[in-house]
Amino acid sequence: MLTDKTIVLGITGSIAAYKAADIASQLTKEGARVEVVMTEAATWFIAPLTLSSITGRGVVTDMFEPDSQRTIEHVALGEAADVVVIAPATASLIAKLAAGIADEMPALIVLATKAPIILAPAMHANMYENSITQENLAKLKARGFVIVEPEYGRLASGGVGRGRLADTDKIVGTIKQVLGRRGDLAGKKLVVTAGGTQEPIDPVRHIGNPSSGKMGYAIAEAARDRGAEVKLITAPTSLPQPAGVEVIPVKTTLEMQKAVTKAVAKADALIMAAAVTDYQPKTTAKEKIKKDTPELKLELVRTPDILAEVKGDFIRVGFAAESNDIVANAKKKLEKKKLDMIVANDITAADSGFGVDTNKVILIDKKGKVEKLPLMSKREVADRILDGVVGMMGKR
Ligand code: C5P
């Protein structure tokens with residue numbers, strides 16, 4: 001997915017430098033060419049050999065080696081970079097960049113490149129909160145730098161505060177978002193729903209379904225990577241929040257409907273991957289229902305059909321989980337809900353549907369085109385759905 005991308009990973013001298021190995025590893029695994037540049041202080045925390053073993057490439061640690069080729073390395077790397085990421089970025093590096101001082105490799109590359117720059121700060125909370133650091137970061141943000149905010153938690157000093165290097169997933173997600181800025185969904189607004197809605201019976205019980213949210217999250221991430229501005233309206237899942245996506249958590253169908261209605265106001269497309277609970281208890285008990293009767297009857301009423309009822313001019317994509325007459329049933333739903341495309345899902349197929357990482361689907365559009373896809377990862381399915389959405393844009 002990051003194939004053909006050159007990512008310059010700058011590492012500066014912080015205890016969090018060891019986490020750069022994980023970042024380099026994830027980027028390399030996804031196919032990127034990772035060029036590591038380190039300050040001398042960074043090499044006290046993590047050996048260049050660790051990084052070069054992970055990336056399979058040389059690591060630049062020194063500006064002025066006797067070998068004259070290396071003195072201009074920052075220019076070559078700066079030009080080759082699709083994105084420059086400094087992780088961890090110390091307070092000192094941030095101050096130098098804000099002042100335009102470049103006396104070590106990572107800072108030199110930042111000055112020498114025209115590629116977007118991402119900084120992931122890591123430092124003691126007091127240093128991070130200090131107004132000097134905050135002013136420096138504000139200055140860099142105003143110049144277009146993307147900052148991956150540090151997290152709150154235990155610090156190397158033993159204290160607790162905001163200053164821990166952001167999670168690898170968050171940093172890698174931000175890199176993908178930045179790289180996607182020129183993608184085929186650049187400037188488009190997408191609303192994606194995911195997960196299974198839950199309808200409370202009492203304060204501790206609900207009606208629900210086993211949707212993991214994986215399909216919807218894969219669509220949100222794929223759309224982000226293609227440059228879209230994504231709102232992900234998600235019922236409860238155990239998945240990590242994708243970086244670079246606006247996540248709107250909801251629980252019930254009515255909450256999801258409210259969030260969807262609001263989010264689609266300026267949207268180009270709505271993709272409803274959520275498994276919406278079809279019925280909700282007519283009333284919700286205020287106290288926990290005691291199990292002192294052998295039988296308990298629940299009265300259920302239908303939930304609203306979010307997709308069929310939502311108003312506005314945007315591309316509508318729905319899902320249809322089917323166990324028989326898949327294409328015919330899905331086509332009926334496409335017509336009934338006035339959709340542009342429906343993703344029919346054979347829930348009886350092995351490794352397909354709820355919970356798993358793969359899916360076997362049939363894409364059906366409103367013109368009657370039927371495309372049967374083989375079993376593939378949910379991420380690949382997501383991209384195929386988005387190919388369809390891109391194809392429909394501007395043609396409606
Ligand atoms: O009717 P069925 O539940 O099979 O339709 C599935 C599609 O409709 C999905 O895209 C789902 O997210 C959406 N849906 C909805 N509101 C409901 C039920 C389903 O938006 N109450």
Side-chain angles (χ1 to χ4, degrees), residues 190-200 206-220 222-223 230-237 239 248-264 267 269-282 300-312 314-349 352-355 359-366 373 378 381-382 384-386 388-389 392:
L190 261 67
V191 178
V192 181
T193 65
T197 55
Q198 300 179 350
E199 306 301 334
H206 64 252
I207 297 178
N209 62 67
S211 169
S212 64
K214 285 180 178 172
M215 192 61 244
Y217 276 58
I219 296 170
V230 184
K231 287 191 167 129
L232 173 64
I233 301 170
T234 175
T237 74
L239 300 172
I248 303 163
V250 296
K251 263 201 180 128
T252 65
T253 304
L254 284 174
E255 283 169 14
M256 182 170 275
Q257 185 182 39
K258 210 168 145 197
V260 167
T261 309
K262 192 168 165 219
V264 292
L270 165 66
I271 305 179
M272 283 281 312
V276 183
T277 313
D278 295 309
Y279 290 91
Q280 66 184 77
K282 194 167 181 186
L300 303 176
V301 292
R302 280 294 302 271
T303 54
D305 191 319
I306 303 172
L307 191 53
E309 292 178 19
V310 65
K311 298 202 169 36
F314 44 81
I315 294 166
R316 292 151 197 264
V317 181
F319 275 71
E322 303 292 343
S323 54
N324 62 302
D325 296 330
I326 298 161
V327 174
N329 282 330
K331 273 187 175 168
K332 264 188 228 155
K333 274 181 196 166
L334 176 128
E335 277 159 29
K336 194 164 158 228
K337 300 191 190 214
K338 297 195 174 62
L339 307 181
D340 296 280
M341 188 203 276
I342 195 148
V343 184
N345 206 325
D346 180 357
I347 50 170
T348 61
S352 180
F354 280 144
N359 218 352
K360 192 168 175 217
V361 303
I362 305 170
L363 305 184
I364 306 168
D365 72 14
K366 67 173 174 193
L373 300 179
K378 286 189 172 169
V381 172
R384 299 298 283 266
I385 296 168
L386 293 175
V389 170
M392 287 186 282

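Start at 1 and go down the list; that is how both ligands and their atoms are numbered. What you see below is based on every heavy atom in this structure, not just the backbone, and it leaves out hydrogens, waters and symmetry mates.
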So is [X] polar-close to ligand 1, meaning N/O to N/O under 3.5 Å?
X      : answer
Pro304 : yes
Gly318 : no
Leu307 : yes

I'd like to check [X] versus [Y] (side-chain heavy atoms, cut-off strictly below 4.5 Å). Are they in contact?
X      : Y      : value
Leu270 : Leu307 : yes
Thr193 : Phe319 : no
Met256 : Val250 : yes
Ser212 : Leu239 : no
Ile385 : Val361 : no

Donor-acceptor side-chain pairing of Thr277 and Thr197 below 3.5 angstrom: yes
side-chain contact (heavy atoms from CB on, under 4.5 Å) involving Ala320 - partner list, sequence neighbours excluded: Glu322, Ala330, Lys333, Ile342
[X] touching ligand 1 at heavy-atom level, < 4.0 angstrom:
X      : value
Ala308 : no
Thr253 : no
Lys337 : yes

Considering heavy atoms of the protein only, find what lies nearest to [atom] and give residue, atom and distance to 0.1 Å.
atom                    : answer
atom 15 (C) of ligand 1 : Asp305 OD1, 3.4 Å
atom 12 (O) of ligand 1 : Ala274 O, 2.8 Å
atom 16 (N) of ligand 1 : Ile306 N, 3.0 Å
atom 7 (C) of ligand 1  : Phe319 O, 3.0 Å
atom 4 (O) of ligand 1  : Lys333 NZ, 2.5 Å

Salt bridge between Asp340 and Lys366, side-chain N to carboxylate O under 4.0 Å? yes
Report, in ascending order of atom number, the atoms of ligand 1 lying under 4.0 Å from any heavy atom of Asp278. 18 (C)
List every atom of ligand 1 that sits less than 4.0 Å from any heavy atom of Thr303, numbering the atoms from 1 in the order shown and giving each element. 21 (N)
Quick test of your reading of the structure: of Val317, Ile342, Val276, Asn329, whose heavy atom lies closest to atom 17 (C) of ligand 1? Val276
How would you list all residue pairs meeting salt bridge (charged side-chain N to carboxylate O under 4.0 Å, His left out) that involve residues 302-312, not counting sequence neighbours? Asp305-Lys337
Is Ala320 touching ligand 1 with its side chain, its backbone, both, or neither, if touching means heavy atoms under 4.0 Å apart? neither
Heavy-atom pairs closer than 4.0 Å: do any link ligand 1 to the side chain of Thr193, the backbone, both, or neither? neither
Just to verify, which of Gln280, Gln198, Glu199 counts as forming a side chain to side chain donor-acceptor pair (under 3.5 Å) with Thr253? Glu199
